[in-house]
Protein chains: 2
Amino acid sequence: MKDDTICEVNLVDRENVELVQSQMANQKQAMQVAEFFKTLSDPARMRIIEALSIRRLCVCDLAYIVGLSQSATSHHLRSLRDKRLVKFEKNGKMAYYSLDDEHVAGAFAAVLKHVVLEHVVHREVY
Amino acid sequence: MKDDTICEVNLVDRENVELVQSQMANQKQAMQVAEFFKTLSDPARMRIIEALSIRRLCVCDLAYIVGLSQSATSHHLRSLRDKRLVKFEKNGKMAYYSLDDEHVAGAFAAVLKHVVLEHVVHREVY
DNA sequence: TTGATATCTGAACACACATTCATATATAAG
DNA sequence: CTTATATATGAATGTGTGTTCAGATATCAA
């Protein structure tokens with residue numbers, strides 16, 4: 001336990017801290033994963049991704065499904081496009097959006113690797 | 001394709017829309033999953049969870065590891081506690097935090113079920 | 001008791017971001 | 001060319017939230 005140590009300059013158990021630091025992914029990776037989570041942290045974007053995983057859709061049908069205005073939907077689609085989570089094809093006046101499967105799968109794989117596995121594997125008794 | 005239909009009142013392909021709607025999880029579930037993602041969408045909270053998945057830690061050591069002030073760390077821990085993702089025990093002046101394993105595992109399971117599987121299973125040709 | 005330490009908490013500030021509104025672009029139809 | 005439709009986009013607004021700051025609470029030591 002070592003709670004007899006005195007906390008100087010915000011460090012109680014240096015040994016413990018160094019062990020944790022050595023086992024943690026670097027800060028850049030954590031930020032990337034957090035970035036991906038942030039994208040999915042909005043219910044509207046969540047539902048957009050969900051809907052597009054079922055079927056390719058045009059903007060106005062998508063807007064209807066997620067219950068947003070056409071403009072708001074378009075803004076979200078733009079940010080999702082920038083993150084390469086969705087792609088689109090223009091067909092006349094219409095724009096048909098679908099998931100960017102490879103990239104989404106890759107992102108999920110990264111998340112699973114850096115978060116879930118990390119948690120499942122390190123089941124030690126504290 | 002059916003892009004010959006006219007878009008009245010924001011609906012191009014009613015049939016398609018209804019199919020997607022029937023296959024989507026309800027909005028409540030989407031919001032719950034989004035809520036969980038929002039919690040992990042902050043790099044600091046991300047690293048807090050990551051660190052605690054390795055070892056039980058007191059607040060000041062945790063603050064040192066994630067590179068935040070003690071106050072900011074405490075605020076994050078409070079929100080994580082409210083969502084039952086972490087738990088803590090007091091030992092004298094110190095507070096030792098650890099993951100609330102059952103709840104975290106449950107949350108991840110829900111996410112995997114409602115997001116990843118959904119995506120993997122529905123691999124149809126559009 | 002007094003002083004030091006670890007943590008917590010409310011208020012304030014600053015910044016990020018989702019939505020709306022107005023408008024722009026592009027295509028199709030008449 | 002003109003009109004209508006589908007989508008895109010920039011600006012503005014309002015809301016949410018992460019951090020800091022100051023101070024509160026609690027425990028331990030002297």
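Note on naming: letters A, B, ... go to the chains in the order of the sequence lines (proteins, then strands), and numbering restarts at 1 for each one. Just so it is clear, the structure is predicted and the values come from calculations on it, not from any experiment.
- As rounded to whole Å, 14 Å separates atom P of C/dT27 from atom CE of A/Met94.
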Query raised in the report: Which is it for B/Glu89 and B/Arg56 under the salt bridge (charged side-chain N to carboxylate O under 4.0 Å, His left out) test, yes or no, and what are the steps along the way?
Result: CA-CA 10 Å; B/Glu89 297 170 65; B/Arg56 193 175 84 138; 3.2 Å; yes
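- Atoms NZ (A/Lys93) and P (C/dT25) sit 18 Å apart, rounded to a whole Å.
- For the pair B/Gln70 CD and D/dT25 C1', the interatomic distance rounds to 12 Å; values are reported in whole Å.
- A distance-only check finds no donor-acceptor pair linking the side chain of A/Ser74 to the backbone of A/Gln70 [under 3.5 Å].
- A donor-acceptor pair under 3.5 Å links the side-chain atoms of B/Asp61 to the main chain of A/Asp13, judged by distance alone.
- Remark: P of D/dT7 and CG of A/Leu57 are 11 Å apart, rounded to the nearest angstrom.
- A/Met31 and B/Val66 are assigned to two separate hydrophobic clusters, defined by single-linkage of ILVMFWY side chains at heavy-atom distances under 4.5 Å.
- In this entry the distance linking NZ of B/Lys90 with P of D/dT27 reads 6 Å, nearest Å.
- Within 4.0 Å of B/Ala72, counting heavy atoms only, lies at least one base atom of the nucleic acid.
- In the interface, the side chain of A/Ser71 is paired with the base of C/dC21 through a donor and an acceptor atom under 3.5 Å apart.
- In terms of hydrophobic clustering, with Ile, Leu, Val, Met, Phe, Trp and Tyr side chains grouped at heavy-atom distances under 4.5 Å, A/Phe88 and A/Val59 are assigned to a common cluster.
- Rounded to a whole Å, the CG atom of B/Asp61 is 8 Å from the P atom of C/dT7.
- Only B/Arg78, B/Arg81, listed by number, bring a heavy atom of residues 78-89 of chain B to less than 4.0 angstrom from any atom of DNA chain C.
- Distances shown here put a side-chain N or O of A/Lys38 below 4.0 Å from the OP1 or OP2 atom of C/dC17.
- Between the side chain of B/Asp42 and the backbone N or O of B/Arg45 there is at least one donor-acceptor pair closer than 3.5 Å.
- In this structure, A/Leu77 reaches neither bases nor backbone, as no heavy-atom distance under 4.0 Å exists between it and the strands shown.
- Protein atom NE2 of A/His75 is 11 Å distant from nucleotide atom P of D/dA11, rounded to whole Å.
- Counting only residues at least two apart or in different chains, salt bridge (charged side-chain N to carboxylate O under 4.0 Å, His left out) contacts with residues 67-81 of chain B comprise B/Arg78-B/Asp82.
- Considering only the side chain of A/Ala95, D/dT7 comes nearest among D/dT20, D/dT7, C/dT7.
- Rounded to whole Å, atom C1' of D/dT17 lies 19 Å from atom CE of B/Met46.
- With hydrogens and angles ignored, no donor-acceptor pair under 3.5 angstrom links the side chain of B/His76 to the base of D/dT19.
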